[in-house]
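Model, not experiment: these values are computed from the prediction.
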Amino acid sequence: MAPATPPADALATLAASVAAPGAEEVVERKERRKSLLQRVIGGGGGGGGEGRRRSSVAKGRKSLLQARQPEAAAELPEMYDNGPGDAANCVSVVVLRGRDFRVMDHNLFSKGGSSDPFAKTSIKKKTTAPEWHERLDLSCEHLEGMLMLKVYDWDQLSSPDFMGTVAVKLEDLGEREQCRGWFPLLNEDLRAPDEPRGDLEIACLFHHDPKRVVAVPEAFFAVEEHAKKAANALRVVVVRATNLPAMDASLIGRGGSSDPFVEVALGGEKRRTPHISKDLNPVWLAEFDVPAEDVADGFLELRCFDYDLASGDDLIGSVNVPLEALHADRTPVRAWYELDLATRRPKSPGKRGTLLGRLSSTPPASPTKAAKTSKRKSRIAAARKKSSENLAETPQPPEDEPPPTAAAPSKSRLEVALRMVHNPDYVLHLEKGLLDVKSYKTKKPNELRVVVIRGKHLPIMDRNLLGGGGQGRKRERNSQLQRLLSRSFSTRGGSADPYVEGECDGTERRTKVVKRSLFPVWMDMLCFPMDELRGHSLHLNVMDQDNVSAADFMGRLELPLGSLEDRNAQRAWHVLRLDERPEEEPEFLDEADAHPPVKPTGPGQELPKVEVAMRYVHNPLLVHELPKNSVEDPNPRKAANELRVVFVQARNLPIMDRNALIHRSGGSTDPFLVATLDGDEVSTSVKTKALDPVWLDARQMPVEVLDDDLHVECFDHDETSGPDFVGACVISIRELADRKVHRGWFQLRGRKAGGGLLPATTRSHLGRVEVAMRWVHNPKLVVPLPTDLTRDNFTNLEANELRVCVIRCRNLKVLDRKIIGKKVVDPYVEIVLVGTTYKTSVKKRDVNPLFMETRVYDVNAVEVCDAPLQITVWDDDELRSEREAAGDDDARVGAVRARAATAGRSGRGGTSWATPTRSSSRC
């Protein structure tokens with residue numbers, strides 16, 4: 001009689017229980033297996049049933065024996081480090097096998113069951129101890145966070161069921177050695193489960209994989225073509241990003257993604273990469289050059305955005321890269337930079353693109369296969385099976401505490417390659433003729449040329465009402481200069497309308513106004529006439545123009561000019577000082593005090609700077625040739641008797657007539673000069689509406705002795721009122737004894753309250769005058785003496801006669817008598833000697849009369865030695881005799897007392913000038 005065939009479900013349950021034990025206790029497993037064997041042995045059957053029953057029992061016993069044997073080590077696929085000397089960029093994970101997995105698919109008619117586990121691997125059917133031996137290679141640059149491998153049970157009709165998670169700290173792989181072991185399956189929150197979920201054996205290795213290297217274009221590292229020229233551009237290659245947060249929520253299921261792109265900003269210039277759709281680990285390899293001049297203390301701003309077509313782009317994160325070390329060395333640098341994520345929360349809390357996201361993402365859809373039994377009843381039965389007492393005794397960690405296996409979250413990073421280069425397209429050339437003066441190198445320089453080129457990072461002066469940024473994206477222009485001039489980029493929050501005021505040695509100039517820009521380009525040349533640089537400095541003030549109020553101060557520069565004496569052009573960036581210039585600050589500064597150290601206000605906020613080019617040149621238009629024969633000396637061998645003065649020009653005179661419609665500065669002046677020397681007075685013509693007048697007026701003043709100073713006064717002419725005093729200067733003429741031409745500038749000074757001029761050390765803004773002088777001989781001023789005075793026919797005999805000749809008077813005092821509004825004098829000379837009085841003729845209305853009258857006195861030598869000589873100049877008046885009788889001395893112009901013994905006995909006689917005691921007149 002054949003043995004009975006055992007039921008098919010019993011054999012299946014036995015095979016499943018023998019091949020893959022569940023998570024029950026060992027004792028319960030043995031009892032269940034024993035009962036299954038008894039059922040198989042006690043089953044009925046026909047003639048062939050017993051043979052089949054014996055065969056099944058033998059197979060069951062063999063499976064039990066195999067289950068009780070110790071586990072053999074699984075064979076590990078080959079893993080090795082391809083580049084131990086290179087940076088590691090890959091984590092290789094070998095999923096070997098599992099054990100004691102939970103039964104997820106229970107049988108409907110028995111207590112047994114099985115599972116179909118997979119974990120980013122192939123699906124192993126109907127087993128709780130699967131073996132895969134499959135390898136996973138994942139890109140990884142930084143060992144941060146955790147490597148998480150989730151195991152699911154595959155289902156055809158429903159979504160896969162979670163079976164457990166393996167968590168490995170990536171920092172444990174830093175030794176770059178192979179790590180292998182059994183890891184328990186944890187809950188989804190990385191906490192230990194109440195009941196064991198089983199174990200998973202994996203092997204990991206952190207190593208270098210050449211296939212995963214993202215290569216930067218070789219041209220980036222090639223030898224620079226313009227290596228000898230100064231770097232003016234920053235070459236940027238935005239390589240890739242890792243671990244970006246998901247900014248766009250997924251419409252179906254969990255997770256999300258982003259459409260990232262990177263914006264690069266430096267010095268007002270912006271560049272951006274194309275956006276990559278739905279990628280948390282994008283690779284761009286976008287290369288571009290950014291203008292970068294004088295960026296040693298600056299920062300490169302990298303901002304990562306999530307592109308949105310319908311709404312505005314969302315900021316993912318940003319980082320500021322300091323350029324100090326990069327500017328000093330032009331060696332290429334490739335590095336990772338951690339992104340400072342935006343404080344604003346993303347649209348949905350999605351996952352990040354690290355190993356965590358790659359291994360723990362939502363499992364793929366189930367493949368098509370035969371329908372499986374519903375597992376809802378089995379889940380309910382498993383839940384009921386849990387003991388409430390065991391749950392109460394099991395300690396639960398607080399919800400606010402992190403799981404014991406948790407590690408620091410992975411950081412979002414951006415990889416960028418940077419290099420300083422010279423780009424000829426970014427060279428902002430100065431316009432031809434500004435500083436390139438090729439001729440006149442042998443002539444004395446007389447002009448300081450200053451080109452105010454551009455500014456950057458100027459402070460915001462006009463705040464936006466809505467807090468918006470600049471004026472949007474810029475159009476591309478063919479010309480570099482036009483592109484810079486048209487740019488009106490400003491930082492978020494406001495802008496300014498800057499212009500520059502320049503002042504040097506009293507000369508003031510200003511540039512044009514650039515509207516709504518914190519990175520203005522002026523390209524304006526300011527010319528300052530300068531005959532001497534030593535002891536002077538250039539003052540530049542950056543101002544913000546306001547239409548309704550006065551201009552606002554933005555910053556200032558104070559540049560010493562001593563280094564420009566070699567006449568070479570200098571071009572550089574200068575840091576603005578944000579404090580206004582004090583009143584007591586000196587006129588010029590030393591090199592050490594010109595630029596005090598200024599600290600940056602913070603990362604990403606560069607210092608405000610202005611680029612200036614300067615050169616000391618000769619400008620022939622500023623050279624005013626003196627009038628012909630104005631300072632010629634026709635008789636250099638004869639005694640000098642005349643001072644020739646040429647009043648050339650004046651500069652930087654103050655505004656005396658205020659009127660905003662007349663002059664760019666709010667008014668003008670009608671200047672003229674008045675010069676006095678030893679009573680002689682000369683004046684120039686009047687120049688209307690001129691702050692920098694040019695006269696070229698030549699004047700002559702009789703001077704026989706250089707014992708006085710030339711006083712020059714500047715006045716503003718007014719038709720309705722008297723002249724207004726502008727300033728004055730005192731010029732010493734003693735240096736003119738060499739009979740050469742002396743030409744120079746003289747600073748005008750103000751008057752003291754009690755009279756006199758202010759000292760030369762006092763700062764003055766009254767302007768300067770240029771004067772040329774020479775002491776010469778003028779034969780027309782020589783008055784020949786009468787022959788009866790100079791001839792002595794008896795020089796061998798004792799003198800017995802004194803001859804006195806009244807030659808002329810000069811600069812006589814004018815009394816109060818007027819004729820048709822003018823003061824006049826009618827002089828004559830009275831001589832008293834040894835009781836004898838002599839009167840010359842009267843010269844009508846003449847302050848410089850010529851008499852040439854001789855008087856002879858019969859006196860001996862003794863009388864001459866003792867007799868005083870009194871000379872009196874009178875103003876002839878009809879009432880003079882009555883006034884003299886009344887003792888009124890107003891008619892006397894002046895008097896001189898001398899001794900007759902001073903007369904010489906030479907053959908030519910003696911002549912001299914005598915100054916009266918009552919006035920400055922000379923006779």
Side-chain angles (χ1 to χ4, degrees), residues 15-23 62-63 65-82 88-105 114-140 146-155 160-170 172-173 175-186 196-212 355-367 369:
S17 60
V18 172
K62 184 178 180 181
S63 299
L65 292 176
Q66 291 178 353
R68 294 191 185 111
Q69 291 177 357
E71 297 176 352
E75 183 180 356
L76 180 65
E78 182 179 5
M79 287 194 307
Y80 57 90
D81 197 343
N82 294 323
N89 61 354
C90 178
V91 171
S92 294
V93 181
V94 177
V95 183
L96 296 172
R97 53 184 173 171
R99 66 184 180 187
D100 299 333
F101 282 6
R102 285 184 181 181
V103 175
M104 305 301 294
D105 303 327
S114 183
S115 298
D116 302 324
F118 70 94
K120 285 291 182 178
T121 59
S122 59
I123 301 173
K124 298 300 179 180
K125 300 292 185 66
K126 297 180 181 180
T127 178
T128 56
E131 292 189 7
W132 287 283
H133 298 276
E134 297 180 13
R135 174 173 172 172
L136 304 174
D137 292 329
L138 304 169
S139 297
C140 179
M146 303 190 70
L147 169 64
M148 298 178 61
L149 186 64
K150 291 188 177 182
V151 181
Y152 291 89
D153 173 58
W154 178 83
D155 283 328
D161 299 318
F162 175 77
M163 299 185 66
T165 301
V166 170
V168 180
K169 293 183 179 180
L170 289 176
D172 297 338
L173 306 179
E175 300 292 336
R176 297 183 67 168
E177 296 180 356
Q178 189 179 109
C179 299
R180 176 179 178 178
W182 287 91
F183 296 89
L185 295 180
L186 306 176
R197 293 179 175 270
D199 300 323
L200 182 66
E201 184 182 14
I202 61 175
C204 304
L205 177 63
F206 186 47
H207 63 97
H208 175 80
D209 186 359
K211 297 180 181 180
R212 298 182 179 273
L355 293 180
L356 173 64
R358 295 177 184 177
L359 292 182
S360 62
S361 57
T362 304
S366 304
K369 71 171 188 177

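In terms of heavy-atom proximity, V151 sits nearest to A119 at CG2-CB, 3.8 Å. Listed here is the closest heavy atom pair of P117 and M163: CB-SD, 4.0 Å. Taking all atoms of both residues into account, the shortest heavy-atom contact from F162 to M104 is O-CE, 3.9 Å. Minimum interatomic distance between P184 and V166 (heavy atoms only, all atoms of both residues): O-CG2, 4.1 Å.
Not a single donor-acceptor pair under 3.5 Å links the side chain of S115 to the backbone N or O of T128. Using modelled atom types, one side-chain atom of E134 and one backbone atom of S122 make a donor-acceptor pair closer than 3.5 Å. Distance alone, capped at 3.5 Å, places no donor-acceptor pair between the R99 side chain and the A129 backbone. When atom types are taken as modelled, the side chain of T127 and the backbone of D116 share no donor-acceptor pair closer than 3.5 angstrom. Using modelled atom types, one side-chain atom of N89 and one backbone atom of D209 make a donor-acceptor pair closer than 3.5 Å.
Using a 4.5 Å cut-off on side-chain heavy atoms (C-beta onward), L173 and C179 make contact. The closest side-chain heavy-atom distance from E201 to F183 is not below 4.5 Å. Inter-residue side-chain proximity for R180 and L96 is flagged as met; some heavy-atom pair is nearer than 4.5 Å. For the pair L185/D199, no side-chain contact is recorded, criterion being any heavy-atom separation below 4.5 Å from C-beta on. With a 4.5 Å cut-off on side-chain heavy atoms, H208 and R176 count as touching. Side-chain contact check for F118 versus P160: some heavy-atom pair is nearer than 4.5 Å.
The distance from atom CG of L138 to atom CZ of R212, rounded to the nearest 0.5 Å, is 6.5 Å. Residue I202 holds its CD1 atom at 14.0 Å from CZ of R135, rounded to the nearest 0.5 Å. Note that OG of S114 is 11.5 Å distant from CZ of F101, once rounded to the nearest 0.5 Å. A distance of 5.5 Å separates SG of C140 from CG of L170, quoted to the nearest 0.5 Å. Atoms OG1 and CG, on T165 and L149 in that order, are 8.5 Å from each other to the nearest 0.5 Å. Considering CE of M146 and NZ of K169, their distance stands at 6.5 Å, rounded to 0.5 Å.
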For V91 and L205: C-alpha separation, side-chain torsions, deciding distance, then whether side-chain contact (heavy atoms from CB on, under 4.5 Å) applies.
CA-CA 6 Å; V91 171; L205 177 63; over 6 Å; no
Check against side chain to side chain donor-acceptor pair (under 3.5 Å), D137 and S92
CA-CA 4 Å; D137 292 329; S92 294; 2.6 Å; yes
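With a 6.0 Å cutoff to the six-membered ring centre and a 45° limit on the axis angle, R97 does not count as a cation-pi contact of W132.
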